[in-house]
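First up is the structure itself, then whatever we jot down about it.
Computed from heavy atoms alone, side chains included, the values below leave out hydrogens, waters and symmetry copies. By convention here, the first residue in the shown sequence is residue 1.
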Amino acid sequence: MKAIAVLLLLLCNTVVNAQECDCRKKFDSVQVYLKKNYVGFIDKVTPVTQQAYTAMLTKIRLQAATIKGATHCLLLVNRYLRFFKDQHLALHIGYTPLKEKIALTPQQLDLLQKQPVSGVAGIYQADSLYKVALVKNLRGLRTYAAVIMESASPDWKPGDVLFELAATGPDKFDMISYVTQEVNFDTLTIGKQRDGLSALGWQKPAAASLQKAGNTPAEIPAFADMPAPFFFRQVNDSTGYLRISSFDAAFYPLADSVLNANDEYLRRNPNLVIDVRNSGLGADKLIERLRPLLYTQPVRITGADFYATPDNIAAWRHVLDEQTGKLPEEYVEQIRAAIEQGSGLQGRLVSMGPDENMILPSPLPAPAKVAIVINGKCSNTAEQFLLEAAQSQKVKLMGTPTAGALDYSNVARVKFSAPDFSIDYPVTRSRRVAAGQGIDNKGIQPAVKVNFHSAGWLEEVVKQF
């Protein structure tokens, strides 16, 4: 089913300054809401994980009691969300942070200049745009502060704090970045085996010419010239290459035009490579368009269940109010049926529709063999396509494991105030999970591994035919 973004408002009775909050109270409201409404909670907090969950919850609540600043409070919320390892569970921050200034003495700067390359503290540069002093400065959750020394951007002046690092373990840090004038969170490893700051473009001048161990190079494209997000190219007399960069409904007309323009070649070549690397969220329309090329036998399509709670039902009523006439009628009917079944229930799974066997009239004689090229950035709709495609006797998946972000989907959004932030959370769960066939955090595995950092990888794929 198509992912649907909806909005719920959780209004707070107390209004405080946007930069300060009652952190424990705010955190408790988040965890109580998600425990009640997030469909993944029932699978991810179990007798096996309960002890770890309770320990994490206790630790965060103790930290929250000491935190006054909004940004560090939301860092704790973000750490809580990370426990669930669900890529559809996401924090969005809606306020502009106040800038902090730190004055560094000449003695401090001189000491930072002498720090070893392998250490965290020191002087860092990001191309010619910024030069910062990363200094140990304990405040709230913060361990290190990156203080501007030089800036080519008019938005940032010497003394401004550009980002913060909060230690979470040996060589492990949360990064709070203000570079975009917004609050952005990331996780980094900074140690002998991997330098997460270098991977983000931050280098100590003495180490600028060194290649940091563990930094992953970019994947090599299939061709030196990649003309468009969607295109077809003949590789040899018997093999075609089809690039599908997205399943987004907005790009469907472009994909459809490429498929129509090259229909003769697609049906004539005995071998076809379909490259879907880096594709993610989208709609089913392109999947349906590609099915005849891959079909050999009935395809099992596993359905999903809706987590019925008063809040989630209110969210889907909002969808009907806002999206009727915009969504396909089949989706509208699914939503109506889920609302009808779930009304009055709290924490019950109701069916979004039965599992199906998709049957087409007959297989096409060509292509006879299809290699679908995948990588770790394939997620959501792309993974739904792959689960169907892998059932074909024509198809072999090649590349690296996908992201694993499909079991929990159809997000709702709950909004909090003081400070302003919102959380996206899934309200449906694939029945693959109950059957022990979930793919989240594991991904879909390729039948043949491909090193996309090696020149000539496409030739290696073609040799598999």
Below 4.5 Å, heavy atoms only, C-beta onward: do Val183 and Leu75 meet side chain to side chain? no

Determine whether Tyr130 and Ile148 make a side-chain contact, defined as any pair of heavy atoms from C-beta on separated by less than 4.5 Å. yes

Around atom CD of Gln50, are there more than 12 heavy atoms from other residues, nucleotides or ligands closer than 6.0 Å? yes

Thinking salt bridges, do Glu219 and Lys377 make one under a 4.0 Å N-O criterion? no

So do Asp171 and Ile190 actually touch side chain to side chain, heavy atoms under 4.5 Å? no

Any donor-acceptor pair under 3.5 Å linking the side chain of Asn380 with the backbone of Gly282? no

Can we say Asp174 and Arg82 salt-bridge, meaning some charged N sits less than 4.0 Å from an Asp/Glu carboxylate O? yes

Suppose we call two aromatic rings close when their centres sit under 6.0 Å apart. Are Phe41 and Tyr307 close by that rule? no

Just do the ring-ring contact (aromatic ring centres under 6.0 Å, His included) check on Tyr144 and Phe163 with the steps written out, would you? CA-CA 9 Å; Tyr144 294 91; Phe163 64 84; over 10 Å; no

Applying disulfide bond (SG atoms under 2.5 Å apart), which residue pairs with at least one partner in residues 100-190 are found, sequence neighbours left out? none

Kindly check if the number of other-residue, nucleotide or ligand heavy atoms within 6.0 Å of CD (Gln51) is above 12? no

Quiz question: by atom type and distance under 3.5 Å, do the side chains of Tyr95 and Thr71 form a donor-acceptor pair? yes

What orientation do Phe27 and Tyr80 show, parallel under 30°, tilted 30 to 60°, or perpendicular over 60°? perpendicular

Heavy atoms of other groups near Arg336 CZ, more than 12 under 6.0 Å: yes

Do Arg432 and Leu387 have side-chain heavy atoms sitting under 4.5 Å apart? yes

So, does Lys204 use its side chain to make a donor-acceptor pair with the main chain of Pro116 at under 3.5 Å? yes

Keeping Asp160 on the side-chain end and Leu162 on the backbone end, is there a donor-acceptor pair under 3.5 Å? no

Can you check whether Ala382's main-chain N or O pairs, donor with acceptor, with Ser279's side chain at less than 3.5 Å? no

Indicate the ring-plane relationship of Phe452 and Trp457, choosing parallel, tilted or perpendicular according to the 30° and 60° boundaries. perpendicular

Measure the shortest side-chain to side-chain distance between Glu182 and Ile93 over non-hydrogen atoms and say whether it is less than 4.5 angstrom. no

With sequence neighbours left out, what residues match Asp155 under salt bridge (Lys or Arg N to Asp or Glu O under 4.0 Å)? none

With Lys44 via side-chain contact (heavy atoms from CB on, under 4.5 Å) - residues at least two apart: Tyr38, Phe84, Asp86, Tyr408, Asn441

Using side-chain contact (heavy atoms from CB on, under 4.5 Å), reason through Asn375 and Asn278 one step at a time and then give a plain yes or no. CA-CA 7 Å; Asn375 69 359; Asn278 306 328; 2.9 Å; yes

Could you tell me whether a side-chain N or O of Thr309 sits under 3.5 Å from a main-chain N or O of Gly347, the two making a donor and an acceptor? no

Considering non-hydrogen atoms only, spot the tightest contact between Ser246 and Leu286 and give its length. O-CD2, 3.5 Å

Judged by atom type as modelled, is there a donor-acceptor pair below 3.5 Å linking the side chain of Gln341 to the main-chain atoms of Ser351? yes

Heavy atoms of Ser198 and Gln203 approach each other most closely as OG-NE2, 3.0 Å

To the closest 0.5 Å, what do you measure between CD (Glu100) and CG (Asn137)? 7.0 Å

Mind running side-chain contact (heavy atoms from CB on, under 4.5 Å) on Lys26 and Phe421 for me, showing each step along the way? CA-CA 11 Å; Lys26 187 60 57 180; Phe421 68 99; 3.7 Å; yes

Apply the test side-chain contact (heavy atoms from CB on, under 4.5 Å) to residues Gln63 and Arg79: give CA-CA distance (whole Å), side-chain angles for both, the deciding distance (0.1 Å), then the verdict. CA-CA 12 Å; Gln63 290 175 312; Arg79 288 177 179 176; 4.0 Å; yes

If you compare all heavy atoms of Val395 against all heavy atoms of Leu397, which two are closest, and at what distance to 0.1 Å? CG1-CD2, 4.0 Å

By the disulfide bond (SG atoms under 2.5 Å apart) test, which pairs, at least two apart or in different chains, include something from residues 49-108? Cys23-Cys73

Output the distance between atom CD1 (Ile287) and atom CD (Glu388), rounded to the nearest 0.5 Å. 5.5 Å

For the atom pair OG1 (Thr96) and CD (Gln181), what is the distance rounded to the nearest 0.5 Å? 8.0 Å

Glu383 side chain to Ala405 main-chain N or O, any donor-acceptor pair under 3.5 Å? yes

Tell me, with the steps shown, if Lys114 and Asp110 meet salt bridge (charged side-chain N to carboxylate O under 4.0 Å, His left out). CA-CA 7 Å; Lys114 298 174 182 177; Asp110 183 60; 3.1 Å; yes

To the nearest 0.5 Å, what is the distance between CG on Asp186 and CZ on Phe173? 13.5 Å

Closest non-hydrogen atom pair, Leu109 against Ala133: CD2-CB, 3.9 Å

Ignoring hydrogens and angles, tell me if any N or O in the side chain of Arg277 forms a donor-acceptor pair with the backbone of Val373 under 3.5 Å. no

For Ser454 and Asn451, indicate whether the former's side chain and the latter's backbone hold a donor-acceptor pair under 3.5 Å. no

Within the structure provided, determine whether Lys101 and Lys157 are in side-chain contact (heavy-atom separation under 4.5 Å). yes

For Ala338 and Val350, which heavy atoms make the closest approach, and how far apart are they? O-CG2, 4.0 Å

May I have all residue pairs that pass disulfide bond (SG atoms under 2.5 Å apart) and include part of residues 110-165, sequence neighbours excluded? none

Step by step, would you call Thr187 with Lys172 a side-chain contact (heavy atoms from CB on, under 4.5 Å)? CA-CA 8 Å; Thr187 57; Lys172 303 289 185 182; over 6 Å; no

Smallest heavy-atom separation, Gln125 atom then Pro205 atom, equals OE1-CG, 3.7 Å

For the residue pair Pro446 and Ile374, establish whether any side-chain heavy-atom pair is separated by less than 4.5 Å. yes

Once rounded to the nearest 0.5 Å, what's the spacing between atom OG1 of Thr381 and atom CG of Leu386? 11.0 Å

What's the verdict on ring-ring contact (aromatic ring centres under 6.0 Å, His included) for Tyr33 and Tyr425, showing C-alpha distance, side-chain angles and the deciding distance? CA-CA 11 Å; Tyr33 185 91; Tyr425 67 97; 5.7 Å; yes

Nearest-0.5 Å distance, SG of residue Cys378 to CD1 of residue Ile244: 12.0 Å

Between Arg317 and Asp321, is the closest basic N to carboxylate O distance under 4.0 Å? no

Is the shortest heavy-atom distance from the side chain of Leu141 to the side chain of Ile176 under 4.5 Å? no

Sequence neighbours excluded - disulfide bond (SG atoms under 2.5 Å apart) pairs with any residue from residues 136-192: none

N/O donor-acceptor pair under 3.5 Å between Asp407 side chain and Asp440 backbone: yes

Do you see a donor-acceptor pair shorter than 3.5 Å between the side chains of Lys449 and Thr400? no

